[in-house]
Asker: 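Dumping the structure here so I can ask a few things about it.
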Amino acid sequence: MTTDHKTDYRSTVFLPQTDFPMRGGLPEKEPEILARWKEIDLHAALRAQAEGRERFVLHDGPPYANGSIHIGHALNKILKDVIVRGHQMLGFDAPYVPGWDCHGLPIEWKIEEQYRAKGLDKDDVPVLQFRAECRAFAAHWKDVQSGEFQRLGVIGDWDHPYMTMTKKAEAQILRELYKFVDNGLLYKGVKPVMWSVVEKTALAEAEIEYQDHTSTTLWIAFPIIKTETAALKDAKVVIWTTTPWTIPANRAIAYGDFDYTVLRVDGVGENALAHIGDILVVADNLYETFLDDSKITEATKLATLKADNLKGTIAAHPFRGRDGSEGAFDYDVPLYRGAFVTLDAGTGFVHIAPGHGEDDFNLGKEYGIAFDETVGDDGRYLPNVKGFAGLCVYTADGKTGDANGAVIRALIEKEALLAKRNIKHAYPHSWRSKAPLIFRTTPQWFIAMDKKIEGQNKTLREVALDAIAKTEWFPAIGENRIRGMVESRPDWCISRQRAWGVPIALFLHKETGAILRDKEVMNRVAAAFDEDGADAWYARPAQDFLGNSYRADDYTQVFDVVDVWFESGSTHAFCLNTALNGNEWPTLSLPATLYLEGSDQHRGWFQSSLLEGCGTLGHAPFEKVLTHGFTLDEQGRKMSKSLGNTVAPQDVYNKMGADILRLWVVSSDFTEDQRIGPDILKQTSDLYRRFRNTLRYLLGALSEFDEAERLDTKAMPELERWILHRLHTVDSIVRTDMARFDLGHLLMTLHNFCNADLSALYFDIRKDSLYCDDKDSIRRRATRTVMDLIFNHLVVWLAPILCFTAEEAWVTRGRQGSVHLQNVPTVPDSWKNDALAKKWELIRAVRRVVTGAMELARKEKKIGAPLQAHPHVYGSKELWASLEGVDLAEIAICSALSLHEDQIPDQAFRLDDVAGVGVMIDLAEGKKCERCWQILPEVGSHADHPDLCTRCRRVVTRRQEGGTSASS
RNA sequence: GGGCUUGUAGCUCAGCUGGUUAGAGCGCGCGCUUGAUAAGCGUGAGGUCGUAAGUUCAAAUCUUACCAGGCCCA
């Protein structure tokens with residue numbers, strides 16, 4: 001027989017067949033799958049399926065509805081979706097109701113900006129119209145974001161999301177606020193804020209622009225009137241300030257933790273204001289610069305003091321006893337330690353006006369310093385500032401007023417001024433009017449942290465700290481972070497002087513200032529909110545709410561709105577509490593099983609929800625809290641538009657597919673900051689390809705799989721039983737990983753399974769059986785049965801992550817419904833077989849020596865394909881005994897293989913980590929079977945099929961006779 | 001500046017309470033295969049474990065400082 005005219009047996013080989021393409025084409029395919037889910041109403045089916053199951057309630061932290069989603073939103077929502085889908089498949093009822101934060105400043109700005117573009121002023125627009133436009137704006141972006149989130153594959157109740165601006169929500173937020181009236185924690189206090197005298201309004205941090213501004217700076221001496229340190233007797237403390245107009249409001253002086261020098265002035269230069277003989281105190285490090293600044297030419301250091309020596313010292317206000325002051329400045333000015341004092345500039349002493357600075361206010365609070373308001377909302381001194389009343393800090397058009405000049409003249413008159421200069425520095429200005437701002441105390445509403453809750457013997461802080469301890473934090477370190485914050489946080493300021501929000505709908509008695517705590521009135525207000533939303537507060541006359549018992553003239557109505565953090569902190573009340581949400585989401589329940597947000601929410605939503613829950617329910621609204629980090633660029637740098645290193649989720653799902661983005665989320669360690677960029681996404685695609693091809697191979701191998709082929713597991717070869725054992729192992733890992741949200745480990749387990757167990761080992765070994773064995777052979781039936789099982793498990797394991805691809809595979813397999821309606825299949829414990837696993841570890845070790853030896857032979861051009869080889873494997877009798885029943889030739893994919901118990905030849909190939917095994921490679925003897933490509937001695941001995949081995953000849957012959965059938 | 005936190009191969013990640021030559025996958029190089037083929041298999045080269053001190057018989061693992069990031073504050 002010549003080799004010229006060999007029969008082509010390709011058509012007799014059972015090659016894999018599938019419509020599941022190698023390349024996903026996800027950007028086109030995913031929208032089709034989304035449409036299919038809509039068609040079969042997957043969400044409703046999920047809910048119906050889970051009725052009565054144990055609940056797993058992930059409560060959505062509401063994103064802010066003012067723009068398209070960015071990568072951080074995508075990460076957050078994908079994580080939620082993977083966990084929700086995963087738990088549903090593990091047998092929970094895991095509903096997901098998305099939510100939106102709709103009120104607040106950023107939306108107000110946008111609307112205001114639109115007004116300004118039209119040359120309109122916000123203040124000229126009726127408040128209800130303004131609110132309506134804010135509402136429309138939020139509704140628009142809610143819709144945009146909803147579409148983007150759904151495109152990511154996130155499944156949930158998108159037709160019925162919660163929103164903080166619905167009537168029901170606004171009414172419930174108000175009721176939550178009223179609970180803090182009831183429990184006595186809500187109080188009115190003051191707080192320094194950035195104030196614009198031009199707009200007569202407080203400004204939020206984001207409305208402030210820092211611009212260069214020239215300020216008059218003063219060096220001012222405060223005479224010491226009481227001290228326990230001898231060196232300070234008759235001395236004066238020197239402060240430095242850039243805001244002369246705050247001097248009348250001075251109440252204290254702060255010093256830092258460094259050395260101070262007491263000096264005597266011995267000589268002064270021209271125009272100096274200091275006097276010879278003055279004894280002054282400044283920080284030792286700033287001694288030289290001070291002399292320079294104040295034109296003191298000669299001085300003597302009298303003493304150097306430690307910070308502790310300043311403790312208990314009391315100075316007098318420079319205006320003490322000033323004519324016309326009526327004793328208004330005769331109070332003591334104590335010295336206190338302040339951590340914020342630095343040596344960057346000045347004298348090491350900071351003058352403290354508690355009404356006009358954040359540090360000042362906090363220090364004042366710490367030491368209980370009493371102070372009056374000194375500057376009115378128009379920037380003028382109030383009448384109580386004797387000798388300065390009516391003078392102006394900044395004028396109505398934003399220019400410097402006459403207050404500074406008057407203060408300077410008075411300081412000179414009292415011989416307290418040591419020096420005066422101008423400096424140019426960054427100073428806060430209004431984003432709107434561009435006018436400079438001042439710090440000014442304003443009345444605000446607070447929730448007390450350290451007051452006993454009425455009816456309880458505990459403070460809100462204590463209840464909150466208890467609740468933190470009872471909560472499970474993922475990662476555990478999150479607990480420290482929030483505990484530290486709650487331990488040290490000040491009272492919660494919940495008021496904002498804004499229009500787009502839920503008003504703090506209270507009536508205050510005009511004379512006493514007391515809150516009207518009348519249940520009937522509050523119920524009427526809340527009922528009005530139920531009907532008309534918070535607009536009711538603006539639209540209806542006060543008397544409507546007050547009823548017959550009170551006169552509107554006796555009360556002022558509060559029009560501050562509540563901080564949006566209070567609103568989002570209340571979402572559990574109107575969303576999770578089925579009694580309060582009107583049964584709108586009957587499958588939700590309180591407390592939620594899980595809150596899942598970025599780590600910044602330790603200060604934000606986690607904390608506001610915690611405080612709100614603790615104040616109104618006595619416990620946290622969550623049982624577990626999972627946090628993720630932030631998304632950085634490929635170099636680990638923060639993303640920013642100016643750096644041009646942002647990755648838009650829309651680009652990823654439009655160009656690569658949402659499954660790639662989902663895979664990226666799961667493959668990164670999301671508990672810490674994670675990186676994304678072109679290279680990382682490329683790598684994610686490679687990762688995706690492995691999963692896709694594994695599914696594809698299974699689908700191809702299972703083409704036309706008939707139930708009649710299914711083989712009882714007991715009848716299967718060891719290799720199949722080992723795969724079943726692996727399924728058992730992976731299954732238990734999937735379950736524990738999902739339960740502890742360790743998605744990274746879960747993914748790696750699945751990847752290794754696909755890679756090492758399936759692709760490199762099982763699929764490779766079983767190709768021969770799959771392609772060439774007769775359809776009714778036990779081996780092939782076992783293979784197909786196990787591959788069917790692998791598919792069933794793998795597709796469900798992957799479904800929460802690759803939600804689109806898993807569904808595509810599911811449908812391609814010809815299954816009904818949706819993969820997402822499956823539970824993770826249970827694995828019979830009989831599949832677990834540790835002894836077999838151990839045996840296969842050994843087999844794989846021996847296999848590695850064989851493949852290693854073949855690789856060497858290939859390098860030496862001795863062989864090409866493994867089927868050309870006949871390895872001689874040397875090992876001990878015990879080794880071969882322990883591998884009883886294993887066909888190593890099949891496992892190493894060789895045409896033949898011999899085992900030897902003899903001494904390992906010196907030239908045999910060995911591996912360091914596989915002791916006692918050596919391999920020599922010979923060429924397999926015989927001819928190549930043209931069907932299965934094995935090289936076997938019997939090829940050529942069959943007259944009818946001279947190019948086939950015995951096995952292939954039988955298969956081909958039976959096919960020709962039409963006698964093969966899977967059921968036979 | 002403060003609180004919390006991160007820094008292991010080009011990339012994504014493992015390395016438990018300190019203990020033999022620091023692991024995996026991807027990517028890359030090389031080879032095989034051409035019946036998973038814009039795929040599959042095998043194999044190889046890549047790491048002073050951010051830097052520097054210290055504790056210890058022994059440190060990627062503990063301590064301190066520094067450098068470079070991140071979140072939240074100031």
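Computed from a predicted model, the values in this text were never measured in an experiment. Convention: sequence-line order gives letters A, B, ...; per-chain numbering from 1.
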Asker: Does the Lys NZ or Arg CZ of A:Arg813 fall within the cation-pi geometry relative to A:Phe791 - under 6.0 Å from the ring centre and within 45° of the axis?
Answerer: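 Flagged: A:Arg813 positioned over aromatic ring of A:Phe791.
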Asker: Under 5.5 Å between ring centres and under 30° between planes: does that hold for A:Phe763 against the base of B:G40?
Answerer: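 No; by the centre-distance and plane-angle rule, A:Phe763 does not count as stacking on B:G40.
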Asker: Can you tell which of B:C73, B:C13, B:C71 lies closest to the side chain of A:Arg603?
Answerer: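 Per side-chain heavy atoms of A:Arg603, the pick is B:C73.
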Asker: Using a heavy-atom cut-off of under 4.0 Å over every strand shown, decide if A:Arg689 touches base, sugar-phosphate, or nothing.
Answerer: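 Sugar-phosphate, backbone atoms only, no base.
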Asker: Counting only non-hydrogen atoms, which of residues 690-702 of chain A are less than 4.0 Å from RNA chain B?
Answerer: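 Nucleic-acid contacts, sorted: A:Arg690, A:Asn693, A:Arg696, A:Tyr697.
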Asker: What parts of residues 673-683 of chain A reach RNA chain B, counting only heavy atoms under 4.0 Å away?
Answerer: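 Of all residues in residues 673-683 of chain A, the ones placing a heavy atom under 4.0 Å from RNA chain B are A:Asp673, A:Arg675, A:Ile680, A:Gln683.
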Asker: Between B:A52 and B:C67, how many Å separate the two C1' atoms, rounded to a whole number?
Answerer: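 These two C1' atoms come out 10 Å apart once rounded.
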Asker: According to salt bridge (charged side-chain N to carboxylate O under 4.0 Å, His left out), who are the partners of A:Arg847, at least two apart in sequence or on a separate chain?
Answerer: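 For A:Arg847, no residue satisfies salt bridge (charged side-chain N to carboxylate O under 4.0 Å, His left out) once neighbours in sequence are set aside.
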Asker: Check the distance between B:C41's P and A:Glu890's CD and give it to me in whole angstrom.
Answerer: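 For the pair A:Glu890 CD and B:C41 P, the rounded distance is 18 Å.
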Asker: How do A:Ser599 and A:Phe670 order along RNA chain B: which one's closest nucleotide is nearer the 5' end?
Answerer: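 Closest to the 5' end, via its nearest nucleotide, is A:Phe670.
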Asker: Any residue in residues 658-669 of chain A with a heavy atom nearer than 4.0 angstrom to RNA chain B? Just list them by number, or reply none.
Answerer: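 Those residues whose heavy atoms fall under 4.0 Å from RNA chain B, taken from residues 658-669 of chain A in numerical order, are A:Ser667, A:Ser668, A:Asp669.
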Asker: Would you tabulate the pairs of protein nitrogen or oxygen atoms and nucleotide nitrogen or oxygen atoms of nucleotides 1-8 of chain B closer than 3.5 angstrom?
Answerer:
none

Asker: Please give the nucleotide sitting opposite B:C28 as a Watson-Crick or G-U wobble pair, both distances under 3.5 Å, or none.
Answerer: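 Partner of B:C28: B:G44.
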Asker: Would you tell me if any nitrogen or oxygen in the side chain of A:Lys859 comes within less than 4.0 Å of OP1 or OP2 on B:C30?
Answerer: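 So the side chain of A:Lys859 is outside the cut-off, no N or O lying under 4.0 Å from OP1 or OP2 of B:C30.
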Asker: According to the Watson-Crick and G-U wobble definitions, with both distances under 3.5 Å, which nucleotide is paired to B:U34?
Answerer: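 Its partner is none (no Watson-Crick or G-U wobble pair with both distances under 3.5 Å).
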Asker: Could you pull out all residues at least two apart from A:Phe20 that satisfy ring pair (Phe, Tyr, Trp, His ring centres under 6.0 Å)?
Answerer: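 For A:Phe20 there are no ring pair (Phe, Tyr, Trp, His ring centres under 6.0 Å) partners, ignoring immediate neighbours.
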